[in-house]
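Numbered from 1 within each chain, the chains take letters A, B, ... in sequence-line order.
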Amino acid sequence: MSKKLTKRGEDYSKWYNELVVKADLAENSGVRGMMVIKPYGYAIWEKMQAELDRMFKETGHENAYFPLLIPKSYFNKEASHDDGFAKECAVVTHYRLKTSEDGKEIIVDENAKLEEELIIRPTSETIIWDSFRKWIQSYRDLPLLINQWSNVVRWEMRTRLFLRTAEFLWQEGHTAHETKNEALEEALKMQGVYADFAENFMAMPVIKGEKTENERFAGALSTYTIEALMQDGKALQAGTSHFLGQNFAKAFDVKYTTNEGKQEFVWATSWGVSTRLMGALVMTHSDDFGLVLPPKLAPIQLVIVPIYKSDEQLEAINEKVEKMMVELKAKGVSVKYDKRTTHKPGWKFAEYELKGVPLRIAIGPRDLENNTIELARRDILSKEIVSQENIAEKVKTLLEKIQDNLFNKALDFRNNLITEVDNFEEFKEVLKDKGGFISAHWDGTSETEDQIKNLTKATIRCIPLDTKDEEGICVFTGNKSSRRVLFAKAY
RNA sequence: CGGGGUGUAGCGUAGCCCGGUUAUCGCGCCACGUUUGGGACGUGGAGGCCGCAGGUUCGAAUCCUGCCACCCCGACCA
């Protein structure tokens, strides 16, 4: 079995690529930049989806589905949106293939050229707002709170499994509101939902903040973000929520009648998270032995491996384990009993470690005699012999402990990598030697941000929401600044 | 799209400069046997249009030309 992983310290990027493939999460496909999400990886995504979907519905949203293809003309109705995405759109130009003259290959039928080209959605604002126009007449139709689970295509130059793929899965929320304030509140509320999900389910601490103009979504008036920090000290934008003002309402002519009989444009938001979260999950917790999954998102929370010499022993173990399984399942633990005879225990141990299963029970002849089991934790790689009494309760408690431990560990790591810096020399040093977030004063101009980016590759990840006013001078220009922002190199 | 590199079995590779029997080795796969508390061992076996298309030659994985794909470094990005 050549499943030896590259160590994180040797080459973080290589470690990540190998881990995603070896843990059976995803692989590259025959289509440039597009991945195959394998069953184990998809199972994790499904858990994320289920939880997020529940949270969206709890906050009043409904799911709907809009077309994959968008008429090109819709696209340039909102100018900045068009600018932002035009460079990375896949375009459908024909609707039929035919056999070539020599009968050897299938070619595009030039007679089947579309009147108007169709864009494969890079995001769905335009096609959704075309529908919203028909759905919204009166203030009584508002707010309109819609979410869509879908795939989108963005023709990226350089791709990496989960982190940046030419096609990815995501959800996109699109809402319309009567007032500016209500829309702003919605955008912030959804940022909160994302932060809650990241921290309480992914066990990934995030910083809530607002994007600067440079980093803002194409077509948005403000973009709220949750920013996470990966183990190599680079930041990852994990989710965004946009306040779109009336831009799309005006572009698609979406007006409503107020209770005073006046015509007004609606106010909008959109927000999304994608399969990129899978990459974030991997890079937040995993180690040199493989994936480490937080129990709340692990498809298998506990695996049981039998150890035996004879068929009789295996049968005795089976009997014991079947009883345990009933107890465990009753407590809601997702448990797998791997009694395959085709692999040895040592092989299974290594395999489930690689796949990040939070807890493992090994049970063999010795345990049958002593009424014990061996219980192993993935997060800290510990093993202990415990009594079989109350096993479900113990497992349940441990799973919660692991979930907390992963979050706290990631939080400590993140907090240690936020450095306050007051001059540009120090800025460059910290960025080079330590990495992570740099908290520094900035004069608020795009020019300064651009120059810093060109010199250091660091960008402003966000203006943290909880930032306090503090007089200072810009780390680059020395101009006045009233608060610190967070810089980092980002994925 | 610029600069560099690589294509040989499912995966990783040797051979290529300097053309010459049946294309090397490891992992994985299949069968049988022995094994099973941290990735077992033995014996046997299957699997290749050497990226594609041309050319040079008695003879091409090897030399030449063109094309394609992928990887790395830049510009672009959730």
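A:Tyr491 comes within 4.0 angstrom of nothing in the nucleic acid, heavy atoms only. Across all strands shown, A:Gln237 has heavy atoms under 4.0 Å from sugar-phosphate atoms exclusively, and none from any base. Counting non-hydrogen atoms under 4.0 angstrom, A:Thr165 reaches a base of the nucleic acid. Among the protein residues, A:Leu236 comes within range of no part of the nucleic acid, since none of its heavy atoms lies under 4.0 Å from any strand. Residue contacts for A:Asp367: at a heavy-atom cut-off of 4.0 Å it reaches a base atom on one of the strands shown. Within 4.0 Å (heavy atoms only), A:Arg340 reaches no atom of the nucleic acid at all.
The side chain of A:Arg360 lies closest to B:G38 when the candidates are B:G38, B:A78, B:U36. Of the listed nucleotides (B:G38, B:G37, B:G39), B:G39 has the atom at the smallest distance from the side chain of A:Trp347. Nearest to the side chain of A:Lys309, among B:G38, B:G39, B:U36, sits B:U36. Here the nucleotide nearest the side chain of A:Lys87, chosen from B:A78, B:C76, B:A40, is B:C76.
Remark: A:Lys355 engages A:Asp24 in a salt bridge, criterion side-chain N to carboxylate O under 4.0 Å.
Distance noted for atom P between B:U22 and B:G59: 16 Å (whole Å). B:U13 and B:G39 have their P atoms separated by 26 Å, with the value rounded to a whole Å. Taking atom P on both nucleotides, B:U35 is separated from B:G42 by 15 Å, rounded to a whole Å. Taking atom P in both B:C11 and B:C76, the straight-line distance is 35 Å, to the nearest Å. For the P atom pair drawn from B:C25 and B:G44, the interatomic distance equals 14 Å after rounding to whole Å.
The 5' end of RNA chain B is approached more closely, in terms of each residue's nearest nucleotide, by A:Arg366 than by the other of A:Ser274 and A:Arg366. Of the two residues near RNA chain B, A:Gly33 and A:Phe168, the one whose nearest nucleotide lies more 5' is A:Gly33.
Between A:Gln313 atom CD and B:G37 atom P there is a gap of 12 Å when expressed in whole angstrom units. Rounded to whole Å, atom P of B:A78 lies 9 Å from atom CZ of A:Phe217. The CG atom of A:Asn454 sits 9 Å away from the P atom of B:A75 (whole-angstrom rounding). Following rounding to the nearest Å, A:Leu169 (CG) and B:A78 (P) show an atom-to-atom distance of 17 Å. Here the P atom of nucleotide B:A78 and the CD atom of A:Glu156 are 8 Å apart, to the nearest Å. A straight line from CG of A:Asn17 to P of B:C72 spans 7 Å, rounded to a whole angstrom. Between A:Asp311 atom CG and B:U34 atom P there is a gap of 12 Å when expressed in whole angstrom units. Atoms CD (A:Glu374) and P (B:G38) sit 8 Å apart, rounded to a whole Å.
Among the candidates A:Lys208, A:Lys211, A:Arg414, the single residue satisfying the side-chain contact (heavy atoms from CB on, under 4.5 Å) test with A:Glu227 is A:Lys211.
The aromatic rings of A:Phe168 and A:Trp170 sit perpendicular to each other, their planes meeting at more than 60°, with 30° as the lower class boundary.
Judged by Watson-Crick or G-U wobble contacts below 3.5 Å, the nucleotide B:G12 has B:C25 as its partner.
The aromatic ring centres of A:Phe217 and A:Phe85 sit less than 6.0 Å apart.
Here A:Lys383 does not reach the OP1 or OP2 of B:G38: none of its side-chain N or O atoms lies under 4.0 Å away.
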Item to check | A:Phe427 vs A:Phe424, ring pair (Phe, Tyr, Trp, His ring centres under 6.0 Å): CA-CA, chis, key distance, verdict | outcome: CA-CA 5 Å; A:Phe427 185 103; A:Phe424 200 55; 5.4 Å; yes

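Residues A:Lys339 and A:Lys348 come closest through the heavy atom pair C-NZ, 4.0 Å.
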